[in-house]
Structures are given as C-alpha cells and as structure tokens.
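Inspection log for the structure reproduced underneath, given as structure tokens.
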Amino acid sequence: MAAAGDHSDVEHVFRFFRVHKDGTIHRTHPSFDKIPAADDPTTGVRSKDVTISTDPPVSARIFIPKSADPTRKLPLLFYVHGGGFCMQSAFSSTYHGYVSTICSSADVIAVSVEYGLFPTRPIPACYEDSWAALQWVATHANGTGSDQWLNEYADLNRVFIGGDSAGGNITHTLVSRVGSVGLPGVKVVGAILAHPYFGGTDDDKMWLYINKENEGLQDRRLKPAAEDLGRLGCEKVLVFVAEKDHLNGVGRSYVEELKKSGWKGSVEMKENKGKDHCFHLRETKDEQAVDLLKTVCSFINS
C-alpha cells in the first residue's frame, strides 16, 4: 500500500480529481452542501423540487418570485449550474442562493436543472439530462403540464437559458439543439454564458476523459462548430469573461466565432476586470458581482 501523500499509484491528475491506477476517483476540491427548497421570508421567493425523470434520474428546483400572478405571466430562466461536469448541484447553497437572487431581482420564474455528474453518470449525461429537463419545461406551453407553477406563471414565449462554467458550455449545446431540431411551444429569446468552458485549455484532457464517447478535440460540444453557431435557436446572447480566468480566451473566442458564423442574432460580451473564474458566486456583494447581476436582469427584461 502506498504511504500517505505518495501518489505513485496515480494515473491521471485533472483540475477537480485524480484517477488512481485501480480506477479509484479522488476528488481534490471540497464537497458542497445541499439545502432543501424553501420559501424565503426576506425576498418572498418560493421554491420547490420536481422530479422530471426517474430513469435516468433528472430533477429540478423551481423558483417563483413574490410578484408571481397568473394574470401577468413572467419570463422563465432555465439555469444550468457549473462544476466541471463532476461536482456541484442545483440544490447546493451556492446555486440555490444565486438562482433565487436572479428570480427576485429579475422578476422571473427559474428552473434550475439537476443533471448527472461524473463519475456516477459521465458525459453525455449532463447534456442529455439538461435537454430532457428543457423539453419537460416545454410540455407546459399550453398550460397543461405536470407542474402548476409553470402552467400558471410562466410565459414560455419568453424563455432564457443560462449557466456558468460547465453550465455555460451546456447552455450553448442546448441553444444549438433548439436551433437544429426546435422546441415546440417555446420561444427561446436569449442565452447567458458566464465564464463558459470550451476547448482550448489544459482542461480538455479532463473533458475527454470524462466523455469516453468523445470525438476528439474537434467534438462540437468542446469546440462549437460554425454551423451550430450559425443556427443558435435564440435572438440574443450575453457572454461574461473574467480577466484572470484561465477560460478568458475561450470565452472571447466563442464570441468572435459566433460573430463570424452568420448567425442573425446579437451578441454582447462583458469582461470582469481583475476577477477570476465565477467570482460572482463567492463574492456576491462585490461591486462587479452586483453589476453582473444587474446586467443579467436587464438582458432578460429588455
């Protein structure tokens, strides 16, 4: 047996975990807590959890703002959390708090998807689960879906898809699929990608390892194809990059390639000066984090 601290039996080392020669996965980042859905007495935001599928297991947390009124339907934000395809949760305190804040500040219904993660459910589970959840949202288009909150309060002609980091990557694939095969009953107005992950960094090795069915470095989920960019199924895109983020370059490249693709929508990029990856989730009171939130709210309501 190897001594403590002896990593001679380690076969792969990635940003969020290492793989031992016997196949054991050791996470190198701290665990996170999950909290139950609840009503927030301060903001008036209400939340609950729904099961979308049991096999595969897909669920979501739905948030509605205090202002929710069946006579005045609200836009819907479909949110995809980050976490390197292998950690975090729609039910963590971090994402519960963040999505709840968007819900209250933007006056929007929010559906935060809980998708499969490596190693239990490797890629493509994250993409397929998120798509299944988005399709489930679409079943409420005529007010006859399984969830009464969505039937009563959500305007599915004003849907936004957003996410951060890995969730930004998944957001792109979802909007691309909407543009390719459609989403009957739903109009996706915009997409929000905060510090998104795409191919072009050392993390590509991790993504390829997690996805045993990958198509190499040209996999269109890793490196968006021009034809996918050209047919994004929304009208506008908002991309955030952080100056000190190792993903800054790939985020900028995404915007540049989108502009060159022939896509007819509008794209806007905002850079968070002096900030690192997903700082806004940790430093919620920071001036730039507050400004990022205001920009998201304005994007949804303009």
Side-chain angles (χ1 to χ4, degrees), residues 37-50 52 59-82 90-92 94-114 130 133-141 143 145 147-164 167-168 170-171 174-175 178 183 185-194 233-240 265-266 268 270 280-281 284 289-302:
D39 297 348
D40 188 327
T42 303
T43 63
V45 171
R46 299 168 63 194
S47 62
K48 67 177 179 180
D49 296 337
V50 295
I52 293 169
S59 56
R61 180 159 292 178
I62 305 178
F63 300 80
I64 59 171
K66 184 178 181 180
S67 64
D69 180 345
T71 66
R72 185 181 67 89
K73 293 200 172 188
L74 299 173
L76 182 141
L77 171 66
F78 184 87
Y79 197 83
V80 190
H81 72 79
F91 308 146
S92 72
T94 296
Y95 284 102
H96 176 94
Y98 183 62
V99 178
S100 179
T101 299
I102 296 176
C103 173
S104 174
S105 302
D107 209 24
V108 63
I109 311 296
V111 175
S112 185
V113 59
E114 180 79 341
S130 297
L134 188 59
Q135 289 181 304
W136 175 82
V137 168
T139 65
H140 297 79
D147 185 79
Q148 202 57 35
W149 280 6
L150 297 191
N151 289 333
E152 292 186 0
Y153 304 124
D155 180 356
L156 296 191
N157 285 311
R158 291 187 291 163
V159 170
F160 293 80
I161 304 175
D164 61 90
I170 296 169
T171 292
L174 293 175
V175 180
V178 171
L183 191 63
V186 170
K187 180 179 181 180
V188 179
V189 177
I192 304 163
L193 287 68
C234 62
E235 299 174 355
K236 57 183 183 177
V237 172
L238 174 62
V239 179
F240 293 95
S266 62
E268 178 182 9
K270 298 282 189 180
H280 59 292
L281 298 176
T284 57
V290 172
D291 184 63
L292 187 154
L293 176 63
K294 289 180 179 177
T295 303
V296 168
C297 294
S298 176
F299 181 78
I300 292 173
N301 290 301
S302 62

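Worth saying up front: this structure is predicted, and the values here are computed from it rather than measured.
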Is there side-chain contact between V113 and W136, with at least one heavy-atom pair below 4.5 Å? no
Let me see the working for V189 and K236 under side-chain contact (heavy atoms from CB on, under 4.5 Å), right down to the final yes or no. CA-CA 7 Å; V189 177; K236 57 183 183 177; 4.1 Å; yes
Would you say that L292 contacts K270 through its side chain, given a criterion of any heavy-atom pair below 4.5 Å between the two side chains? no
Could you tell me whether the side chain of S47 and the main chain of A38 form a donor-acceptor pair under 3.5 Å? yes
How far apart are the closest heavy atoms of G162 and T171, and which atoms are they? C-OG1, 3.2 Å
Point-to-point distance, once rounded to the nearest 0.5 Å, from OG1 of T295 to CG of L238: 7.0 Å
Distance-minimising heavy-atom pair for I300 and F160: O-CZ, 3.3 Å
Compile the donor-acceptor pairs under 3.5 Å between side chains in residues 101-109 and protein atoms, sequence neighbours left out, one pair per line.
from, atom 1, to, atom 2, distance (Å)
T101, OG1, G97, O, 2.8
S105, OG, T101, O, 2.9
D107, OD1, S67, OG, 2.2
D107, OD2, S67, OG, 3.3
D107, OD2, R72, NH2, 3.3

Kindly assign one of parallel, tilted or perpendicular to the pair H280 and Y98, based on the angle between their ring planes and the thresholds 30° and 60°. perpendicular
Within the 4.5 Å heavy-atom criterion, are K66 and T43 side-chain neighbours or not? no
Applying side-chain contact (heavy atoms from CB on, under 4.5 Å) to V188 and F78, what does each step give before you reach the verdict? CA-CA 10 Å; V188 179; F78 184 87; over 6 Å; no
Would V111 and W149 count as a side-chain contact (heavy atoms from CB on, under 4.5 Å) if you check the C-alpha gap in whole Å, the side-chain angles of each, and the deciding distance to 0.1 Å? CA-CA 11 Å; V111 175; W149 280 6; over 6 Å; no
Please report the closest heavy-atom contact between A68 and L74, naming both atoms and the distance. CA-CD1, 4.2 Å
What heavy-atom pair brings P65 and V45 nearest, and what distance separates the two atoms? CA-CG2, 4.3 Å
Applying salt bridge (Lys or Arg N to Asp or Glu O under 4.0 Å) to D291 and not counting sequence neighbours gives none
Side chain to side chain, L76 and Y153, heavy atoms closer than 4.5 Å: no
Side-chain contact test, heavy atoms from C-beta onward, threshold under 4.5 Å: evaluate it for L183 versus Q135 and give yes or no. yes
Residues in salt bridge (Lys or Arg N to Asp or Glu O under 4.0 Å) with D155, at least two apart? R158
With no hydrogens and no angle check, is any side-chain donor or acceptor of Y79 less than 3.5 Å from a backbone partner on G167? no
Please name the pair of heavy atoms, one in A141 and one in G185, separated by the smallest distance, quoted to 0.1 Å. CB-O, 3.4 Å
Could you tell me whether a side-chain N or O of N151 sits under 3.5 Å from a main-chain N or O of G145, the two making a donor and an acceptor? yes
From CA spacing to verdict: side-chain contact (heavy atoms from CB on, under 4.5 Å), F63, L77: CA-CA 10 Å; F63 300 80; L77 171 66; over 6 Å; no
Would you mind reporting whether V178 and L174 have side-chain heavy atoms less than 4.5 Å apart? no
Does any N or O in the side chain of E152 come within less than 3.5 Å of the main-chain N or O of P70, such that one atom is a donor and the other an acceptor? no
Got a sec: does the NZ of K73 have more than 12 other heavy atoms crowding it under 6.0 Å? yes
Minimum heavy-atom distance F91-S59, with the two atoms named: CZ-OG, 3.5 Å
With rounding to the nearest 0.5 angstrom, report the CG to CD1 distance, L134 to I161. 4.5 Å
Do S92 and H81 have side-chain heavy atoms sitting under 4.5 Å apart? no
With a 4.5 Å heavy-atom cut-off, do D49 and E114 have their side chains touching? no
